Amino acid sequence: MADDKQYMAVALKEAQGAFDDDEVPVGAVVVHNGRIIARAHNQMRRLKDPTAHAEMIAITQAAAYLKSERLLDAAVYVTIEPCSMCAGAMVLARVKRLVYGAADPKTGACGSLMNIADDRRLNHRINISRGVLEAESGMLLKEFFKKKRLKK
C-alpha cells in the first residue's frame, strides 16, 4: 500500500534520530484513523532503560493520546521486526496491524525467531505486513553497527 510506505518513511526518520543519538536506529509510529498519533525512536541509552524501545515508547504515547490501554484499530509501523517484549506489548494493547521493514533473525518475535504477534494460543492476533522499505531500514542498521565496529 502507498500509505504503508508513507508511514514507514516517518518511522525511518525517527530511526535516523536514534542513529544520530548513538542509539540502535529503530523508529516507530502509531497510526489511528489515518493519522499518526505517536512517534518514537529507541532511547535505551539516553534513558538508561532496557524497555525504552521505539515501539514501547510509541505505544505509551498512543495509549495516552487515545486515553485507553487498548489501541483498537491502530497500526504500528516499525523499521525492524519487533522483539518479544514489543510484540507482547502490541498483543496486550490489541494493536490491529503491524507493519515492519527489516526482519530480525536474532531477536525478531513476529515471524523470524518466533511469532508472538500471530500465536493462536494467545487471545489476540495482529495482522502483519513485512518488508515495507526493508532495504532502507536494513541499511541504516548495517551502517550503525559498521560504525560501532570501526570505533573498537
Side-chain angles (χ1 to χ4, degrees), residues 1-21 23-141:
M1 297 172 75
D3 287 346
D4 284 352
K5 288 184 179 180
Q6 173 188 341
Y7 294 131
M8 188 62 74
V10 176
L12 273 167
K13 285 181 185 174
E14 285 293 324
Q16 183 64 53
F19 184 97
D20 295 344
D21 290 343
E23 297 273 2
V24 175
V26 178
V29 298
V30 179
V31 176
H32 185 262
N33 291 334
R35 292 185 52 217
I36 294 174
I37 62 168
R39 62 181 79 213
H41 59 269
N42 275 2
Q43 296 182 51
M44 292 180 358
R45 293 182 70 166
R46 173 189 284 168
L47 300 176
K48 308 290 187 258
D49 179 355
T51 69
H53 290 198
E55 302 96 306
M56 299 296 285
I57 296 168
I59 288 167
T60 298
Q61 290 173 356
Y65 178 87
L66 294 173
K67 297 178 176 58
S68 174
E69 71 280 10
R70 302 285 188 239
L71 303 183
L72 304 174
D73 299 320
V76 175
Y77 291 79
V78 62
T79 56
I80 190 169
E81 180 181 358
C83 69
S84 57
M85 173 182 66
C86 295
M90 287 183 222
V91 168
L92 292 172
R94 309 297 194 269
V95 168
K96 183 175 185 175
R97 185 165 181 247
L98 165 65
V99 181
Y100 70 81
D104 184 353
K106 291 185 179 180
T107 64
C110 297
S112 290
L113 188 60
M114 63 188 85
N115 198 344
I116 292 171
D118 192 29
D119 190 319
R120 299 271 175 222
R121 297 169 295 180
L122 300 175
N123 63 344
H124 178 74
R125 282 168 294 289
I126 301 168
N127 180 341
I128 304 170
S129 296
R130 299 169 174 88
V132 176
L133 300 185
E134 179 177 17
E136 296 86 338
S137 298
M139 185 59 67
L140 193 57
L141 286 160

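Starting from 1, each residue takes its place in the sequence as its number. Everything numeric here is computed off the predicted structure, so don't read it as measured data.
At a threshold of 4.5 Å between non-hydrogen side-chain atoms, the residues Tyr77 and Arg97 count as touching. With contacts defined as side-chain heavy-atom distances shorter than 4.5 Å, the pair Asp104/Ser112 does not qualify. Using a 4.5 Å heavy-atom cutoff, the side chains of Val99 and Met8 are in contact. Looking at heavy atoms from C-beta onward, Asn42 lies out of side-chain contact with Pro25 at the 4.5 angstrom threshold. Using a 4.5 Å cut-off on side-chain heavy atoms (C-beta onward), Tyr65 and Arg35 make contact. Side chains of Val30 and Gln61 form no contact here, defined as non-hydrogen atoms less than 4.5 Å apart. Under the 4.5 Å side-chain criterion, counting only non-hydrogen atoms from C-beta, Arg125 is not in contact with Asn127. Using a 4.5 Å heavy-atom threshold, the side chains of Phe19 and Leu140 count as touching.
The side-chain contact (heavy atoms from CB on, under 4.5 Å) test with Ile37 is passed by exactly one of Leu71, Val29, Leu66: Leu66. Considering Leu133, Val31, Val132 as possible partners of Asp4, the one that fulfils the side-chain contact (heavy atoms from CB on, under 4.5 Å) test is Val132.
Residue Asp73 holds its CG atom at 5.0 Å from NZ of Lys96, rounded to the nearest 0.5 Å. The CD atom of Gln6 sits 7.0 Å away from the CD1 atom of Ile36 when rounded to the nearest 0.5 Å. For the atom pair NE2 of His41 and NZ of Lys13, the computed distance is 15.0 Å after rounding to the nearest 0.5 Å. Of the inter-residue distances, the one linking Arg94 atom CZ with Leu92 atom CG reads 6.5 Å to the nearest 0.5 angstrom. Rounded to the nearest 0.5 Å, atoms CD (Glu81) and NZ (Lys106) are 14.0 Å apart. Separation of atoms CD1 (Ile126) and CD1 (Ile128) is listed at 6.5 Å; rounding is to 0.5 Å.
Around CZ of Arg45, the count of heavy atoms belonging to other residues, nucleotides or ligands within 6.0 Å does not exceed 12. Around the CE atom of Met139, the shell of radius 6.0 Å holds no more than 12 heavy atoms that belong to other residues, nucleotides or ligands.
Contact detail for Met114 and Ser84: the closest heavy-atom pair is SD-CB, 4.5 Å.
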